[in-house]
Protein chains: 2
Amino acid sequence: MTLEASVSRSVCQDDRGEVLPALDEQVIESSTANRLAEVFKALSDPNRLRLISLLLDNEVCVHTLEVVLGMSQSAISHQLRHLRQLNLVRFRKQGRHVYYALDDEHVRDLFRQGLLHVEHG
Amino acid sequence: MTLEASVSRSVCQDDRGEVLPALDEQVIESSTANRLAEVFKALSDPNRLRLISLLLDNEVCVHTLEVVLGMSQSAISHQLRHLRQLNLVRFRKQGRHVYYALDDEHVRDLFRQGLLHVEHG
DNA sequence: CTATCATATGTGCACTTATTCATATATTAT
DNA sequence: ATAATATATGAATAAGTGCACATATGATAG
């Protein structure tokens, strides 16, 4: 059930000069919007979310991700590169394996909160 | 600062038969991943984030969004249609104006949490 | 009625993204 | 050495996204 009454103001350009300055204060800055969008974009693909769900508490090697997720090795590796470039995962080489783990608490928190909301309905 | 020590297991396919079933339990389901991705995708564009930041606590008409955000009327309207289709905004027609407001607490929460993280560093 | 204002929508285009395919690199085994 | 395994990467492709432009709808003012 959606809460009403969360809107404090009703704003239209007819009221220009009064409320527009207030709105200008409320828009987030473009640089902030860009960084925020980058984070959310990392979480905006189903396969990447499934991958992240595996890395939340585990350190997992690439081939295992491939098997569990049912994706091609190349697809996994490309996604990991993407996450690496955003500094969202860390990795550790051991022998011929590479273990990946999630390395960003923001993303971990957002993932979990989003999951809670989506799961319960 | 990123916390270490959040990884409880190290998983590789060499251990197949032991840990793979456990990992299978941990992957989120595809249907969940899809719905989750849809929510995050709504938050994955800078202009849409700036728009949402205005609708967080206010009901704002389209032309005002256009002015404050410095975007074309068409772009605004298309973004609003997108958000409408995801049931993220509600709207109210009054005369020739249409007032939009955010209508999804999940998104509101995720936006605020993401903003907190991104703003402080 | 006509004109104007506010918003919506269809179309096309530039750009991005996720994937596959082929290939490269690096490690271990024989 | 060669072969096999594990991972990475570049190129090509297909699908998706955001926006501009033109146009349509609907409401009000004259």
Side-chain angles (χ1 to χ4, degrees), chain A residues 10-16 30 33-34 37-52 54-55 59-86 88-101, chain B residues 10-16 30 33-34 37-52 54-55 59-86 88-101:
Chain A
S10 191
V11 184
C12 193
Q13 82 279 6
D14 294 343
D15 319 317
R16 192 159 6 211
S30 286
N34 288 333
E38 205 173 52
V39 173
F40 286 123
K41 201 171 294 181
L43 294 167
S44 70
D45 175 75
N47 280 337
R48 201 154 50 235
L49 285 171
R50 297 202 310 138
L51 200 164
I52 290 173
L54 286 175
L55 300 184
E59 194 186 44
V60 187
C61 80
V62 179
H63 184 66
T64 301
L65 293 171
E66 185 185 338
V67 172
V68 176
L69 296 176
M71 295 170 62
S72 76
Q73 182 270 319
S74 179
I76 295 285
S77 204
H78 278 293
Q79 291 289 16
L80 287 170
R81 170 155 76 155
H82 187 191
L83 297 173
R84 238 162 42 216
Q85 287 168 342
L86 295 172
L88 301 188
V89 295
R90 66 172 180 273
F91 60 99
R92 173 176 70 87
K93 299 193 182 191
Q94 180 176 314
R96 37 184 168 182
H97 300 300
V98 180
Y99 292 87
Y100 279 86
Chain B
S10 191
V11 183
C12 194
Q13 82 279 4
D14 294 341
D15 320 317
R16 191 156 11 207
S30 287
N34 287 332
E38 206 173 52
V39 171
F40 285 125
K41 202 171 293 181
L43 294 166
S44 69
D45 175 76
N47 280 336
R48 201 154 50 236
L49 285 170
R50 299 201 307 138
L51 200 165
I52 290 174
L54 286 174
L55 300 185
E59 193 185 43
V60 186
C61 80
V62 178
H63 184 65
T64 301
L65 293 171
E66 186 185 336
V67 172
V68 175
L69 295 176
M71 296 171 62
S72 77
Q73 183 268 321
S74 177
I76 295 284
S77 205
H78 277 290
Q79 292 287 18
L80 288 171
R81 168 155 76 153
H82 188 191
L83 297 174
R84 237 163 42 217
Q85 286 168 342
L86 295 172
L88 301 187
V89 295
R90 65 170 182 273
F91 61 99
R92 173 176 68 87
K93 299 193 181 193
Q94 180 176 314
R96 36 185 170 182
H97 300 299
V98 179
Y99 291 87
Y100 280 86

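What you are looking at is a predicted structure, and each value in this text was computed from that prediction instead of being measured. Labels below follow one simple rule: chain letters A, B, ... track the order of the sequence lines, proteins then strands, and each chain is numbered from 1.
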**Study point:** Pairwise distance CG(A/Leu65) to CZ(A/Arg50) - rounded to 0.5 angstrom
**Key:** 10.5 Å
Does [X] put a side-chain nitrogen or oxygen below 4.0 Å from OP1 or OP2 of [N]?
{"X": "B/Asn47", "N": "D/dG18", "value": "no"}
{"X": "B/Arg96", "N": "D/dA29", "value": "no"}
{"X": "B/Gln94", "N": "C/dA6", "value": "no"}

Counting heavy atoms from C-beta on, name the nucleotide in [options] closest to the side chain of [X].
{"X": "B/His97", "options": "D/dT7, C/dA6, C/dA8", "value": "C/dA6"}
{"X": "A/Tyr100", "options": "D/dA8, C/dA8, C/dT17", "value": "D/dA8"}
{"X": "A/Arg48", "options": "C/dT27, C/dA18, C/dA8", "value": "C/dA18"}

Is any side-chain N or O of [X] under 3.5 Å from a base N or O of [N], one able to act as donor and the other as acceptor?
{"X": "B/Ser74", "N": "C/dT9", "answer": "yes"}
{"X": "B/Gln73", "N": "C/dA6", "answer": "no"}
{"X": "B/Ser72", "N": "D/dC19", "answer": "no"}

Check your understanding: A/Lys41 has an atom NZ; how far is it from atom P of C/dC15, in whole Å?
Key ->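 Taking atom P of C/dC15 as the reference, NZ of A/Lys41 is at 15 Å.
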Review point. Roughly, in whole Å, what's the span from CG in B/Leu80 to P in C/dA8?
Key: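 For the pair B/Leu80 CG and C/dA8 P, the rounded distance is 7 Å.
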Study note, to complete from the structure: The residue, B/Cys61 or A/Lys93, whose nearest nucleotide of DNA chain C is more 5′ is B/Cys61
Exercise for review: Select base, sugar-phosphate, or nothing to describe what B/Ala75 touches, counting heavy atoms under 4.0 Å on all strands.
Suggested key: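 Result for B/Ala75 = sugar-phosphate.
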Exercise for review: Answer yes or no for B/Arg90 and B/Tyr100: cation-pi contact, defined as NZ/CZ to six-membered ring centre under 6.0 Å and angle to ring axis within 45°.
Suggested key: no
Review point. Hey, is B/His78 stacking on C/dT9? Ring centres under 5.5 Å, planes under 30°.
Key: yes
